[in-house]
Structures are given as structure tokens and as C-alpha cells.
K.L.:
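Structure in C-alpha cells, see below.
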Amino acid sequence: MQPEAPAVAAAPPIPAPAHHFRSWAVQQHAERMGMWLFLATEILLFAGLFVAYATYRFLFPQTFHAASKYLNVTLGTVNTLVLITSSLTVALAVHFVVSNRSRFAGLLLLASVALGATFLVIKGFEYAHKFQEGALPGHYYRLEGLTLPGSSLFFTLYFFVTGLHGLHVIIGMSVLTWVAARALRGEFNARHYIPVELGGLYWHLVDLVWIFLYPLLYLI
Amino acid sequence: MSPQSDSSAAQITAETAPAEPSAPPEAARPEEPRFPARHYLNDGHTIRSWLLTVDHKRIAILYLVLVLTAFLLGGIFAMVVRLELLTPGPTIIDALTYNRAFTLHGVIMIFLFMIPAIPAVFGNFFLPIMLGAKDVAFPRLNLLSVYLYVAGAALALWGMIHGGADTGWTFYTPYSTITPTNVVPILLGAFIVGFSSILTGINFITSIHTLRAPGLTWMRLPLFIWSLYATAVIQILATPVLGLLLLLVAAEHFFGFGLFDPARGGDPILYQHLFWFYSHPAVYIMVLPAMGVISEVVTTFARKHIFGYRMIAYSSLGIAFVGFFTWGHHLFVSGESAFDAGAFGILSMFVGVFTAIKTFNWVGTLYRGAITFKTPFAYLCGFLYFIVFGGMTGVAVATVSLDVHWHDSYFVVAHFHFIMVGAVVMAFLAALHYWFPKMFGKRYPEGWGLVAASLIILGFNATFIPQFLLGNAGMPRRYYNYQPQFQALHVASTTGASLLAFGFLLIAIYLLLSLKYGKPAGPNPWGSRAFEWTTQSPPLTENYPGAVTVLSGPYAYHVAQSPIALTTNRPTDGGGGTREGGGHAA
Amino acid sequence: MNELMRRMLFLPEQASNFSTDVDHLHYFVILTTLVMSFLVGVTALYFFWRYRQRSRDQLTPDVQPGPGMEVMFVVLPLVFFVGWGIAGFRDYVRMQTPPKDAMDVYVMAKQWMWKFSYPEGPSSLSVLRVPTGRPVRLLLTSRDVIHSFFVPAFRLKRDAVPGRYTQMWFVPTKPGRYPIFCAEYCGLSHSNMTGEVVAMDPAEFDAWLADQRTGFPQAQDSAASPGEEVAADASLVEQGRAAAVRNGCLKCHSVDGSPHIGPTWLDLYGRTETMTTGEKILAEEAYLTQSMMDPLAYVVAGFQPVMPSFMGLISPAETAALLEYIKSLRSDRRGGEDRFRGPLNEPAVGQ
């Protein structure tokens, strides 16, 4: 056993690892590795859409530039700040759980979930506006103000990539809620906090994808 | 390698062969092997214990049943196609049914058999055992991957029954977005099955990194593990791209999104790039584990250390890496630029070199070996011939000017069947026969094994060599009707296919009978030095009765020693001093 | 030698300027493949015999490749493979670089037929006439899905993609008739989307082209392949049937009542059809003729507006023959002749 640093309260015991892992440290290492590999797959999932975006942007530069003006930069920026803040609260949650303050960490996680919900609500308003304008994918495209070649492609990509991202926000919120519930029950401590870290990693990825989407869709 | 002198270490313990104090484990045994009392198959008899198992071996058996069912279904569609092609005009079915049949043959064989088969069956069963571990890193994710496979397969099957796609397994747009057939369930089914593949990949990579027993350095890993590692890397990186693409096509078909519709500015060639970005590495997902199996079989049956361990290990990684950069060789005549064609052509040549290296090394392993000609070895022979022929015809179609003639003709069909059936299915059958005694504790009848292998190899040649010639003559693929001058070769091919089908049937029969009536195999019927043969047959649920230390690599036929040390009656604990977080101690 | 190899490998005749080069590289690659398979096989067989197991626990030496051998394992295949790659690429660049004086022909692929248009000349269906000895450039596109224009005798193929033009070029070297196949799966009648390249003597070609430009030619493009000739005194119905086959009508219209791309011709004459606009029209001579010339004016409900116009492609005589043929297709008179047996093998390809 490692020698314990002098602590205010008795340090929590090292949990028993699953039967096929040699030690708790190895199990944690494996869980982290598994999550990073999974995140790699998520990046590749979005990669296809980024490639499609790049291709069509290259083919229709003016159209894409004009189409992006139909997106609400203010709402997009607010959403970006919302997500970045939610990543901050998640990172803080990990910090606090490592400092044995599981319940407070749980509250921070709930804050992230709330911010995620805020993101989705704002997105919902944006989508509603698009429906009104007729800026919809392919077959449903009715936007009269923009009839350049390839116009509908921008919105097809917009809906698909933000939709896929939104789906991941929902998944992330579910994961964080579940972890938050466990944190509020006091389950986590300095030895046992991996679920918070892994949930946090997933959430950071969701945020990171948005940070790439935001300029590509709203700003250029 | 650690010294072998100290006698307190290193003896295989009681639950395996009858006790023999200091002889190497595979010394001549006077008595017949006994079937062990406790093993993973009788550790729980309820349906629940099977359907909710987290034992990697039981999961492997579940996968075996699933992939063999898929193989049967795909094979039936193949026979329907081949029977229809006996005459130039309509023979037994109409054009729409034919188009559905070849599509479903491709979809089932590729997504439900070729991609999962060797990794999900033999990888799941043997990866932990070869690592000296008790299970994979994430046993519950492993179970989830089985159910994802079932869900995806069920959805695709539902789609097949209710209309079934007629697009070909490649789902090229715009046809796949305007086809009146029911393509969406099949697209979504393949999407779900893709997750099964991804989870397996994550599990394998993590296991190999974190679950190696003490003493098992990277350079002592069985080559099958190296091949599974390289395969898992491809599964993780390539599959999501296909997943996304299938969603896009489904949305386009269902909602008219128009991403690949030229009328809305879309580009059908973008689809092809995204599709082949996965589907070319996918063929390496299929072939790398097969090559891993061959490394195991050749060393055991030639009783010799592998010739060029590092070359084989690194060439697996090389194939995985370079394979990601060659997808454009499927687009030579699609209108891609000459620059692209040249670049992809040369990169495709590099990938061929890795296979050549492996082939030379396998043949080199036979040199000065001690060869016994058993059924797995017969499949090895078939494999060697098919991989040279199939691989070099692959290099041939990668030659741009030649591919202009051969693209979408029967030459390409023959090439990829040489690899997929000739190499991968041969390796699957080799693995099945090689590891059958370990997985089920029974022996199969060797004579019938050799007969079936001969039929398969003969039938295979008769089926697919005529197809090379058909391709040369200009017969395009996916053709329901064809011109009369092609008929003779088609009849030859269908005859061969019937022989092939008969061979598979024969194998199914004697293997099923052996499950019940086979003689007990004992822990090491082949006299192999590989790690998995130090366990009992069938293995215990926990694989090893105690903690494992690895003393040498798995191909140590030049010295008389066991590669594994087992310490019994001491559970693996978390606190073992120098071995903590290890795998590097030796 | 070339001829021997060509026949052994079941290759079609060499009818373009690229065919022999492609074949020569092919022979080199395939012979090396066969030699390597043979060598590997023979070596392996020798080892099986020479190094068979002598005793049960026989130990074997741990033989490892030296660095020289490892280098050879890499370099030897690499040299061959990259060599072929470069040779193939150079030929391919030639295939993609048409000469400036090439004659252009526009190729339009649609489900399930090929249409060829000469810039100042005629259009034809399914048959592409070209002069030998002169370069021809094809500019290909598609009306609907991806098709692929494949002429095995030329060793050439290029996809016809909707929304863009692709190109290929060749010089036909031998007069003759060479099949065209569609080589990209495009739906139900993919395997029937065939055609024919007719390579003609340059003088004959020029004469034909001039003839085409002056009005309705007699024995037009789809002029008879062996076995397709209709006797001059054949009935109008017979001639109509031949015309229907020749012009590709039967690719989309069945004659036995089965549903297909276009309305079935069985019992068409005298039937009242409902259009997409809701209008009901009686199908008699005027309507049927208009359908051939201006097919998108009225589209029958339940069908897609995909029929091409045959204005200028069929002569009045042929039109009349077609009408008579359609009139003859009545279900109360069915028996024998046009029994539906699955997609028909289409004409002009020497069947």
C-alpha cells in the first residue's frame, strides 16, 4: 500500500479492483484508456461531417459565406459561452471530488447539466427560427432570400452537424446526471473518482466539438 | 528471459494433464486425456447464465453461433446468385430479386461475418488467455457488443424481409437515395453493428495495454495478439466514419436531404470517398486477424519459432497505418484527378509489401521445422497459395491503367473473394480446427477434416479462377443477364460453388458430431508451446487457476521448457510488490 | 506471343490504341504472379516433405532472418510493385490526356440506355459510330444515377456521373463492332444497359455522318446486327416490334402487362389513361405519337417524367410501325409471341 499523506480525516481505503485487474491502479488506468479510445471514435464520427463541410465550402465559397449570415451570431456566441462555462464547472467538479468534497462536486455537475439544458433551449429557438424562414435541408428548403447554388447544402450540414452535436449534449447530460446523483450520495473520494473524470472527459469533448463548429458555421 | 533453473517455479499444475513432475508438458502420455470436471461450459447451466454472461469465452461462443448463422444466410444468397447465373437470361429468379440477392450476400457476409468473425470469436476467446488474464478489460461492454450485433442484425434482417435493398453493399449514391427498395433498415442495421465492432476494438486495445501478465513484454506477445491490436486500431478509427455516412444516406433517402444530390449541388463522389475511407481499411480488419491465426498455426504445426517475429509484428501495424491512405484506388475511374490516382496507386503498392514480408516469413518458418500435416495445416497451405495469388492480383488491380479495364468486372470480384474467402475463411477454418479441442475439449476426426479441406480448396479454385477470366473477357459485376459467350465460365464457377458449399456442409456435420462424440482432447493435443495450451481443455471460467508469470515467448520450440509459470492457490491480489501495475518485470 | 497470351487469358480483341499496352503490362503482372505463386507453393511443398516431423518432441533450431534477408523481403516486392505502379500510372495519364484534334462525342447515360450526340450531328441510341485511326474524345454525364461506360475491346472505362462531365479518349484501331456495357450498378436493368461501338473506315464514317445530317436516314444507327434483320416485306407489326427493340422502347415499357418504368403497352391502345394533372386522355394514334415526340407534355399518373423525346430519332415510317405494333398488343389475343420472360436482351449487340 502507498503511504498515506497526513490528512485531516482518515483517507478512504483503496477500493477492490474487479477480479481480472491486478490492482486498483491498473483498473483506473484501463478505464481512462478506454474512455480516451472512445473519445477518439467520437472525433472520427464528426470528422466525416467536417470533411463534407470542407468539400462544399470549397465548392461554394460565396454561398456558404452568405448562408452563414442567416445564423444568429449572438445566440451562437452565448451558446459557446454557456458550454465553456459548463466545461469549467465539470473541471471544478473533478477537482473537488479529488479533494473529498463529493457532494459539492455533485452540485457543480448539476450546474453543468443545467447549462447543457440552456444550450439546448437556445438551440431550440434557433431551429424554430430556421423552420419559420424555410432554411431547411434539401427537399424542404424554402429560403427565398438565398437561392445561390448549393444553398440548401449549408443548411443540411448545419442541421445535421448541430443535430448530432445536440444528441451528444443530451447523452453527456444524462451521463453527468447519473454521476452527479452518485456524487451527491457521497460515493466519490480521493481514491475513487474515475466516473467523474470520465464523465468530465466526455463533456469536454462535446464542448470541444462545438468550439470547432461555432466559427465554421457562424463566423466565416 | 529469466533463468529456468529454479525448480520451485514453473510447473503446470494439477488440473491439466496427469501429473508429470519434470517432463515438459507435451511429453508422450501413456493414458488417454480425461475431460475436466469443471470448465467454463458447465459453469452455470441456465439460459440466463449464457445470455447475461460476462465470461469472454461464453461471449465468444455466442458470437460463434451468430457469425456462423450469418455465414449460412450469406452463403444461401450466394448460391441463389450463382444458380441464377447458370444461364445468360433469367434462370430461377427475376432481376429485382437477383439485385437484392447479391446486395444481401454482400451486406451479410461483410458486416455480419467477415468483420466480426475472427476477432469476435477467436479474439474474444483467446486474447485474455494469451495475455495470462482472467477476462478482457471491460467484460460488460463485451456483452453489450454482442447485443448490439444482434440488434443491428435483426434490424437488417427485418429490412431484408420487407423489401430488401438492391443497391449493392456499397450503397453508392445517387442510386441508393432514389431506389424504391427498403434500404433504410439495412443502413441502420449496419450502423448499429458498427458499434459492436468499435466496442470490441476498445476492449482489445485496453486489454493488451493493461492486462498483460508479469513477464509478458510486447516482444513476447503471441503474433495473434499483435494482429488483433492492429485490427482494433482500424476498428476504432475507421468504423465511425462509415457509421456517420450510413446515417447521412439514410437521412437522404428518407428525408430528401440532398447532400449527395447533384440537383442541389451535392457531389456523389464525396460519398465514395467517405465510404471507401472506411471500407478499404475494413478489408484489413478482415485480413489482419486471419494473418495472426496463420502465424499461430504455422508455428505450432511446424514446431518452430516464427521466422522474423518483429517483421511480422511491425508489418501488422504497417498494414493498419498505410491502409488508411489507399482508399482512392476504388475511385480510379470515378473521375478523380490523375494526381489522386497516382498517389493512391503508389500507396497501395506499399501496403502490398507488408503482406509479401509476412508470406516470406511464414514460409521461412517451415524451413528446418518439424511439420505435421493436420487439418489446420492443410488450411494453412490453402491460405498461403490464396494470399499470394489474391494479394498479387490486388497489386494488379492497384495498377491504374490495368484497373481501368478490370474495375467493376469479375476480375475484382475474383480478387476480393480470393482474399476474403481464400485467405480469411481458410484462416477461420484453420482457427476453428486448431482451437476446437481447446474451446470444446473434444477432438474432431482428422480424416474427415482433411477431406473437407481438400474439397474446400478445390471448390474454391473452381469457383473463382473462372471469374478472373470472366473479368478479363469483360464481364461486368452485378449483372443479372449476360452475353452468351460468358456462359461456360459461369457454369464452371457455379459448379465450383456447389463443391464449396458441400465442403462447408461436411465441416458443419463432423464438427457438430464431434461436440458430442469427439474424444477428449486434453490440454495440448498439438504439442504446442503457445500460451493457451497450458490451460485445460475446455478452460476454466477464470482461465488460469492462479497467478500467471510469463517466462518466454510463445514459440520456444528450440528449448524444452514451458513458457508459462503458474502459481496456484493464491488469488491474484492487488498488492503484489514489484508486479504492481506490471507486465514489465521479467 | 501476344495473341497466345491474349487468348489464354480470355481477353477480348485489341481494338484501341491502348489495348496492346494495357495487355502487355497485364501479361507481365500476371506472369510474375503465377511464377511467385508457383515458387512459394513449390518451396512450401518441398519444406513439407523435407522437414516433416520425425519424432514427437522434436526440437527445432531458432532460425531468424539476417538483416540482408529482411531488406530483400522488403525491397524485392517493393521494386516490382512500385515499378508496375509507375508503368500503370504513365499509361493512365496517357488515357486521360486527349489530343487536341480529337473528335468530341457527348455520351449521356440514363436508366437504362446510352445516348450519343455528335456536336453538329445526329444523336443516336445505343450505338456509337467512330472512325478508325482518328482520336475520339467522349464527354460523359448521366441523367440520373452513376453509370459507367465500358468497352472491353478498348480496355477502357469511365464513370458517367450526374452533375458533372467526365472524359475519356481513344483511337479505334480495327473496324468492327464492340460491345458497350454499363459497369456501375444502376438499378433494375443495369445488365441490359448495353450498346455497341461500331468502328468504321474513316471514309465510310464521313459518309455516314454527312448522311445523318441531311434528315431521316433509312437504315439508321441501330442498323442490323446479325440476327436482328427484319425482312423487307415483313408486316408493319413485325417492323414495329423491331423498331421498339431497336429504339430502346422495351427497356421501359413492357408488353405483357407487368409494371415497369413506363406504362405497359399491353392493351394500351384504346385505354383511357389518367395523367398527373388529373386529366383523362384516350390513348389513340395522336396521343401515342405525341408521347413519343413530346413525352413530358402529359405524364401518366403514377409514373415518373423520365421518357426522352424521340423527335428526329425515328422516321414517320417507324412511328407508324410502332403504332401498329402497340395496337396489336391485346390481352385477348395473347399467346406465343411476346411472352414476358424477364428483362429482354436488348438489341444491337450481336446477341
Side-chain angles (χ1 to χ4, degrees), chain B residues 27-28 89-90 94-96 168 172 174-175 262 268 303-305 307-308 311 333-335 338 341-342 345-346 349 352-353 356-357 360 363-364 366-372 384-385 388-389 392-393 395-396 399-402 404-405 407-408 469 472-474 476 478-481 557-558 560, chain C residues 9-12 22 25-26 29 33 36-37 40-41 43-44 47-48 51-53 56-63 65 70 73-74 77-78 81-82 84-85 88-89 91-93 96 145-146 148 152 155-159 161-163 166 181 183-188 191-192 341-343 345:
Chain B
D94 66 8
L96 184 59
Y172 270 21
Y175 184 70
R303 280 191 71 78
K304 188 153 162 291
H305 195 290
F307 185 76
M311 291 189 89
V333 300
S334 302
I346 296 295
M349 296 307 176
V353 174
I357 292 172
F360 294 143
V363 175
L366 299 173
Y367 174 68
R368 298 185 70 186
I371 300 172
T372 48
L384 279 178
Y385 155 65
V388 173
F389 210 84
M392 290 193 75
T393 49
V395 169
T399 306
V400 192
S401 62
L402 300 181
V404 171
H405 180 62
H407 173 76
D408 264 351
L469 301 173
N472 279 346
R478 298 174 167 167
Y479 260 36
Y480 171 70
N481 284 336
Y557 295 95
H558 48 294
Chain C
L9 290 168
F10 282 68
L11 288 163
V22 166
L25 185 56
H26 179 177
V29 173
T33 303
M36 277 316 296
S37 310
V40 167
T43 309
F47 286 175
F48 300 161
Y51 300 113
R52 59 194 185 282
Q53 187 178 51
R56 212 201 124 88
D57 301 310
Q58 182 177 348
L59 294 179
T60 51
D62 180 9
V63 182
E70 292 192 347
F73 284 175
V74 173
L78 192 64
F81 297 169
V82 171
W84 293 334
F89 181 62
D91 280 348
Y92 178 75
V93 169
Q96 285 298 98
V145 298
I146 301 181
S148 192
R155 310 289 186 275
L156 289 177
K157 178 186 293 113
R158 178 104 338 217
D159 282 5
V161 182
T166 54
F181 297 120
E184 186 60 58
Y185 178 73
C186 53
L188 191 67
S191 53
N192 287 339
R341 264 188 298 273
N345 284 319

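Heavy atoms only: backbone and side chains are in, while hydrogens, waters and symmetry mates are out. Chain letters run A, B, ... following the sequence lines, proteins first and then strands; every chain starts at 1.
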K.L.:
Return the option, out of B/Gly364, B/Gly168, B/Ala396, B/Gly342, with the maximum number of heavy-atom pairs under 4.5 Å with chain C.
P.N.:
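Greatest number of close heavy-atom pairs with chain C: B/Gly342.
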K.L.:
Picking from C/Pro152, C/Ala44, C/Pro65, C/Ala183, which has the most non-hydrogen pairs under 4.5 angstrom with chain B?
P.N.:
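Answer, by heavy-atom pair count under 4.5 Å with chain B: C/Pro65.
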K.L.:
Does any heavy atom of chain C fall under 4.5 Å from the side chain of B/Val363, the backbone, both, or neither of them?
P.N.:
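For B/Val363, the contact with chain C is made by backbone and side chain together.
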K.L.:
What distance do C/Asp62 atom CG and B/Arg368 atom CZ have between them, rounded to the nearest 0.5 Å?
P.N.:
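One finds 11.0 Å between CG of C/Asp62 and CZ of B/Arg368.
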K.L.:
Can you tell me how far CH2 of C/Trp84 sits from OG1 of B/Thr399, rounded to the nearest 0.5 angstrom?
P.N.:
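Answer rounded to 0.5 Å: 7.5 Å.
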K.L.:
Got B/Phe360 and C/Pro77 here, is their nearest side-chain heavy-atom distance under 4.5 Å?
P.N.:
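SC-SC contact between B/Phe360 and C/Pro77 confirmed.
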K.L.:
Centroid separation under 6.0 Å, is that true for the rings of C/Tyr185 and B/Tyr172?
P.N.:
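Between C/Tyr185 and B/Tyr172, which both carry aromatic rings, the centre distance is not below 6.0 Å.
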K.L.:
Checking heavy atoms, do the side chain of C/Val161, its backbone, both or neither come under 4.5 Å from chain B?
P.N.:
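C/Val161 touches chain B through side-chain heavy atoms alone.
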K.L.:
If you take all heavy atoms of C/Thr60 and B/His305, which pair is closest and at what distance?
P.N.:
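Minimum heavy-atom separation between C/Thr60 and B/His305: OG1-N, 4.4 Å.
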K.L.:
If you count heavy-atom pairs under 4.5 Å between each of C/Gly163, C/Gly187, C/Gly85, C/Gly41 and chain B, which one has the most?
P.N.:
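Most heavy-atom pairs within the cutoff with chain B belong to C/Gly187.
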K.L.:
Let me know if C/Thr166 has heavy atoms under 4.5 Å from chain B in its side chain, its backbone, both or neither.
P.N.:
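Contact with chain B is through the side chain of C/Thr166 alone.
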K.L.:
Without swapping roles, check the side chain of C/Ser191 against the backbone of B/Tyr479 for a donor-acceptor pair under 3.5 Å.
P.N.:
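Looks like no, no N/O pair under 3.5 Å.
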K.L.:
Chain C heavy atoms under 4.5 Å from B/Leu366: which part of the residue, side chain, backbone, both or neither?
P.N.:
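For B/Leu366, backbone and side chain are both near chain C.
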K.L.:
Looking only at heavy atoms, which two atoms of C/Gln58 and B/Arg303 are closest? And how far apart?
P.N.:
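Distance-wise, the nearest heavy atoms are O-NE, 3.0 Å.
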K.L.:
I need the minimum non-hydrogen distance between C/Val22 and B/Leu402, along with the two atoms involved.
P.N.:
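Scanning both residues completely, I find the closest heavy atoms to be O-CD2, 3.3 Å.
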K.L.:
Using a 4.5 angstrom heavy-atom cutoff, name the option from B/Leu96, B/Ile357, B/Val404 with the most pairs to chain C.
P.N.:
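Highest number of pairs under 4.5 Å: B/Val404.
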K.L.:
Measure the shortest side-chain to side-chain distance between B/Lys304 and C/Val63 over non-hydrogen atoms and say whether it is less than 4.5 angstrom.
P.N.:
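Yes, their side chains come closer than 4.5 Å.
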K.L.:
Considering all heavy atoms of both residues, which atom of C/Lys157 and which atom of B/His405 are nearest to each other, and what is their separation?
P.N.:
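For C/Lys157 and B/His405, the tightest heavy-atom pair comes out as NZ-O, 2.7 Å.
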K.L.:
Please name the pair of heavy atoms, one in C/Pro162 and one in B/Pro174, separated by the smallest distance, quoted to 0.1 Å.
P.N.:
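Nearest pair, atom of C/Pro162 first, then B/Pro174: CG-CG, 3.7 Å.
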K.L.:
Any sub-3.5 Å donor-acceptor pair from C/Asp91's side-chain atoms to B/Ser401's backbone N or O?
P.N.:
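Checking the backbone N and O of B/Ser401 against the side chain of C/Asp91, no donor-acceptor pair under 3.5 Å is found.
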K.L.:
I want to check something: taking the side chain as every heavy atom from C-beta on, are C/Val29 and B/Val395 in contact at a cut-off of under 4.5 Å?
P.N.:
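Result no, sub-4.5 Å side-chain heavy-atom pair not found.
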K.L.:
So, for C/Glu184 and B/Asp408, which heavy atoms are closest and what is the spacing to 0.1 Å?
P.N.:
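The answer is OE1-OD2, 2.8 Å.
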K.L.:
Please examine the side chains of C/Val40 and B/Tyr385, heavy atoms only from C-beta on, and report whether any two atoms are closer than 4.5 Å.
P.N.:
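No; the side chains remain at least 4.5 Å from each other.
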K.L.:
Is it the side chain or the backbone of C/Glu70 that comes within 4.5 Å of chain B heavy atoms, both, or neither?
P.N.:
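Backbone plus side chain of C/Glu70, per the 4.5 Å heavy-atom cut-off to chain B.
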K.L.:
Would you call the rings of B/Tyr367 and C/Tyr51 parallel, tilted or perpendicular, where under 30° means parallel and over 60° means perpendicular?
P.N.:
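Because their plane-to-plane angle is over 60°, the rings of B/Tyr367 and C/Tyr51 count as perpendicular.
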K.L.:
Would you call C/Phe81 and B/Met392 a side-chain contact if the rule is heavy atoms closer than 4.5 Å?
P.N.:
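Yes, their side chains come closer than 4.5 Å.
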K.L.:
What I'd like to find out is whether the side chain of B/His558 reaches to under 4.5 Å of the side chain of C/Leu59, using heavy atoms alone.
P.N.:
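No, side chains not in contact.
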